[in-house]
Participant: 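To start, I am sharing the structure in question, which I have written as structure tokens.
We name chains A, B, ... by the order of the sequence lines, and we start the count at 1 in each one. Since this is a predicted model, take the numbers as computed values, not measurements.
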Amino acid sequence: MRAMIQLHRQFWFWPLLLIAGLWLALLALPPLAGVKAVYLDTDKLIFLLVSGVLLLAGYIRSREHLRGPWRHIFRQRRAMIALVVLLFFIVCGLLDSVHFRKPLPSQGVTQQRYSVKVLSLLDILLDDMRRNVEKTYSAPLATHLFAKETVTLENGDVERRYVRLKYGGRDLTDPASQKWPNIRDLATRGVVVGAIIWLVLSAGLTAIFARHQRQPVAVMAKRVYRGDTDIPWRSIYLSLLLMLILLAVLLTLSTEYHVLGTDKVGQDVLYQSIKSIRTGLVIGTLTTLVMLPFAIVLGVMAGYFRSWVDDVIQYLYTTLSSIPGVLLIAAAILSIQVYIANHPALFETALDRADLRLLALCVILGITSWTTLCRLLRGETLKLREMEYIQAATALGVGQFTILGRHVLPNVMHIVLIIVVLDFSSLVLAEAVLSYIGVGVDPSTLSWGNMINGARLELARDPVVWWSLVAAFCLMFSLVLAANLFADAVRDAFDPRLREQG
Amino acid sequence: MHDPSDILLCVRDLQVHFGSPAQPVRAVDGVSFDIRRGESFALLGESGCGKSVTALSILQLVPAPAGRIAGGEVWFDGTDLLGQSELQMRQIRGSRISMIFQEPMTSLNPVMTVGEQISEVLQQHLDLRGRAGRERSIELLDAVGLPAPARRIGDYPHQLSGGMKQRVMIAMALAGEPDLLIADEPTTALDVTIQAQVLELLARLQQDTGMAILFITHDLGVVADTMDHVAVMYAGQVVEKAARGAFFAQPLHPYSRKLFAAVPGGHKRGQLLETIRGSVPPLDRKFTACRFVERCDEAWLRCHEQLPPWIEQSAEGESHGVRCLRYAPDIDVPAVTPGSVAVVKDSAASASRDGSLVRVRDLKVHFPITKGLFHRAVGQVYAVDGVDLDIASGRTVALVGESGCGKTTAGKAILQLIRPTSGTVHYRDQDLTRLTGKALRQQRAHMQIIFQDPFSSMDPRMLVRNILEEGIRAQAIATRAEQRQTRVESLLAHVGLPVSAAKRYPHEFSGGQRQRIAIARALAVNPGFIVCDEPTSALDVSVQAQTLNLLKDLQAKMGLSYLFITHNLSVVDYLAHEVAVMYLGRIVEQGRVADIMQDPLHPYTQALLSAVPTIDKAAGREVIRLAGELPSPINPPRGCHFHPRCPQAMPECQQAYPDLTLLDNMHQVRCFLYPAN
């Protein structure tokens, strides 16, 4: 019993419990729901990353000197608003990373068969958007197709006119007069639903904090309302309210309309751009996961051991960084493509294939981008190894690798963190650029880069089909802006030079 | 009484607050003083007592918005300085009042030449441009004693040494021909010989130009040398103010007296130094009693109950003010029984003299200067160039010299933290220079080091317990967790820290306490020998006294040997048994402390000793001025390294390095003045 009491004080106890619950749910729930779970490589890595982040968060909570800078971040209004926006993106990405295949209706065969179409939880939530496929382009919130089509009338005449959409405003008998009132009604319903969800959520949160701080709920609510809390809860609640209302309005509207129009093959653009979130997040996070081991191990070793180790590592990254990155990425991606084409048997579904290419892109981006961090870490380690506490450790007879692990590594981690957060947004943008020039993700993967690539031809049309580009731009912009704002706060909190001035 | 119009700067009840208005930190809390024309006025105090903030507020340079001037008046020559706008202040700064800072390295812009930086000031305040500006710059540099000013004017700051940079800073401050020069610890970062030069320069400039100087310092010795008036600050207040003579003859405030008592020196050998217990109280509250009461040995009940009044006594036409209840009229002051001076057993007497614990022979550390792709060596830095040392167990050997002479490198080379180029280092019978890997790591337990800066010598991300356990684990002294715990607790007790310190981070401790932790860390592996690399030079006088007491006490209890690396000769006089004076990588004189301090033979030792500012002016000493500064160890002078600066240089000094002269069994010197017999 005593041991149990001690156990829950360990920093890893609660994170491990959470992680175990998460993995258990991922493994056990699909069979219970009667679907076949599909674990893509990137899915596994993403959940591994989530587990790592949870453990790290637990560790940071337990160490006062690590908690300090984070507390500083959590008290900045701008950073917290950015974090709320980021959380919405992250939740989308995570929901989109739980994949499964639905069972096919059994036709007397003994073995249950499953659809080749791999769906994610997000697809289920956005089922309307996914299924409501029109014939071709339609403008945002339109009821008719974007271009005139030749239609054969009942009497045999041929006429060119705008055809009604199959799903956009399908219940309207007279779109011209009913459309906007209908949209207004739907939007109002969305606002109300969003507000209700917000009320429930914020009441729950406030209750939890009130219990945590041992205060009556009413007092806590008043403090939040007056903005009298250390963490800017009022701003967080407000941005949460805005995001929830926006989301609810979009979702209610999308039951009857294509809020951001449809693309060439009639797919909902809003659906595409939401599905692209996962691609962006995967590129932004997994790439750093690939890059970190190279950068940290080599950078720290070069700085600490000097002499020939330093020379070898320096030559390595100088050489690597003088090869044009795009060239290296193009070569690697093209050879992966050939490999995939030659080994079709390796992949069960089309998604598997696309996923391998996504992972390959992360790896190759990681390999080409570790040099900057490596250089920074080498410089910092050069400075650290002359620090007196490292000399004191040497004088005490502590081994070199112990010194590296115990003294050097923890003291360069702030640089790693700053670079990782700053790199995230540039990697999201890099994906768009690479997909645009055709060496990015698989053309079948939904991504902002691919949407922009497709928009190349759409922009040349007259009248212009602008919504794909704008949708991709808006989502990418808000993700990158939120990430940058958050990164700024992280840098302010962790950069010792900035802290000294403050 | 003096003519009121004679007063140049008048500060009245100055209040400077930092932090939130709700609970401000009162960094300066009611400071008043006057500076007359042409007078030098010293603001004396330990770190954190508000001296620098006072100076900055005079120029309205308090960092806003964190700090703000909350009250008081500053009158400068009839102008209300606090009422001036930023634009008006810009006219005053640099031209009427100038300031020089402690750190000459960071006060000069590294991408502008010296000449450009001076002409900038000239242009701003005197509208001197072009040729006239250049000529005036050269004049100024000449006035501050920079050699070959016409050539130096095109130099960048990195081409100058620390002392030269400080001279340039002074030249810049003088460029606007100010009436008042504020000098914020201008010599703290400099060596004693350079400090002597700068102090003399300031005194001479003051005579020539008739400007007043506000001199901020923590060094009693500096004050004793050159100042007219002294004000002692404590916790944001002036606690004592007097003419120099009166102050040094009889300091009144208990704090001032404690400061005097804490200064180490030869005459205090064998005693524990006086220390001031506790620390400066936090300044974020209103005081209802004396600020010093918690640390004062002479406090009685009333000191805890009321604020001490400012009491002026008049003697010989000069007023001597003090903020202490003891001197208030019509108050019965209880008599104080003078505390007995604690005596510490000098370990030297009991130490065994049989041979030496550490024997260093012909130690050389040369750093190659490499160039190009393949690291071709193009030269050598002769950091340590043939050092012999013997350290007996239980004894303290001091290694003395100016910065850059290689004393720290020698200390690290003895510990094998820097592998020596050649020579041997024996600990007992083990030659450490031949050991590598595991064998060396095991030997490291015997020899430890304490660093100068207690803020960078501990990993900020580790708990004190982990810091202390590091050596215990590495040397496998205690393998079980409980054993380590007991060991950590006993170590903390040894250095006088509470057990609860183990669960805290280094940054939660003050400088002195951190130095104790560093000592405890060194003791963790049961060493016989500790290299103390300037362990007290970053500390205030009172804290320095505590640390020295601790070191002396540990030596007496554990029979430790110290190699005490320092430039502070009064510490040497107090603590060391033997002294080795180092100049440019070599030891020039070595002997028992009494011999060296009383009868230095080498001209360098003589100059070094004479440059130390001392409190007691009784001995009318004459400062031997050393020309120039320490030459570069890349290219040491031919012959005796010291001959270019030596006042007694002879022709043969340029020819060869002098041999060792053994005077009696302990005293040895390398100089041609003392021919080997």
Participant: Determine whether a donor-acceptor pair (N or O, by modelled atom type, separation under 3.5 Å) exists between the side chain of B:T409 and the backbone of B:V384.
Facilitator: no
Participant: Under a 4.0 Å threshold between the charged nitrogen and the carboxylate oxygen, would A:R71 count as salt-bridged to A:D230?
Facilitator: no
Participant: Which residues pass the side-chain hydrogen bond (donor to acceptor under 3.5 Å, both in side chains) test with B:Y505, sequence neighbours left out?
Facilitator: none
Participant: Got a second to check how far A:Y237's OH is from A:T206's OG1, nearest 0.5 Å?
Facilitator: 3.0 Å
Participant: Quick check for you: to the nearest 0.5 Å, what is the distance between B:I450 atom CD1 and B:Y562 atom OH?
Facilitator: 6.5 Å
Participant: Counting only non-hydrogen atoms closer than 4.5 Å, does B:D453 touch chain A with its backbone (N, CA, C, O), its side chain (CB onward), both, or neither?
Facilitator: both
Participant: Name the one of A:L292, A:L377, A:L320 that satisfies side chain to side chain contact (heavy atoms under 4.5 Å, CB included) with A:W370?
Facilitator: A:L320
Participant: Rounded to the nearest 0.5 Å, what separation is found between the OG1 atom of A:T381 and the CG atom of A:L376?
Facilitator: 10.0 Å
Participant: Give the interface residues of residues 513-528 of chain B toward chain A, defined by a heavy-atom separation under 4.5 Å.
Facilitator: B:R521, B:V525
Participant: Among A:R406, A:E388, A:M387, A:Q400, single out the residue with the greatest number of heavy-atom pairs under 4.5 Å to chain B.
Facilitator: A:E388
Participant: Answer whether the closest heavy-atom distance between the side chains of A:W12 and A:S62 falls below 4.5 Å.
Facilitator: no
Participant: Does anything in residues 48-55 of chain A reach chain B? List residues with heavy atoms under 4.5 Å apart, or say none.
Facilitator: none
Participant: If contact means a heavy atom pair closer than 4.5 Å, which residues of residues 433-448 of chain B contact chain A?
Facilitator: B:R441, B:R444, B:M447, B:Q448
Participant: If I compare all heavy atoms of B:A478 with all of B:R484, which pair ends up nearest, and what's the gap?
Facilitator: O-CG, 3.5 Å
Participant: First locate atom SG of B:C532, then atom CG of B:L563, and finally report the distance between them rounded to the nearest 0.5 Å.
Facilitator: 8.0 Å
Participant: Look at the side chain of A:R223 and the backbone N and O of A:T229, then say whether any donor-acceptor pair between them is shorter than 3.5 Å.
Facilitator: no
Participant: Any chance you could measure A:D310, atom CG, to A:Y315, atom OH, to the nearest 0.5 Å?
Facilitator: 9.5 Å
Participant: Which one, B:P460, B:G471, B:S456, leads in non-hydrogen pairs under 4.5 Å with chain A?
Facilitator: B:S456
Participant: Just verifying a value: how many Å separate B:D459 CG and A:I390 CD1, rounded to the nearest 0.5 Å?
Facilitator: 7.5 Å
Participant: Which pair of non-hydrogen atoms, one from B:V425 and one from B:I414, has the smallest distance, and what is that distance?
Facilitator: CG1-O, 3.6 Å
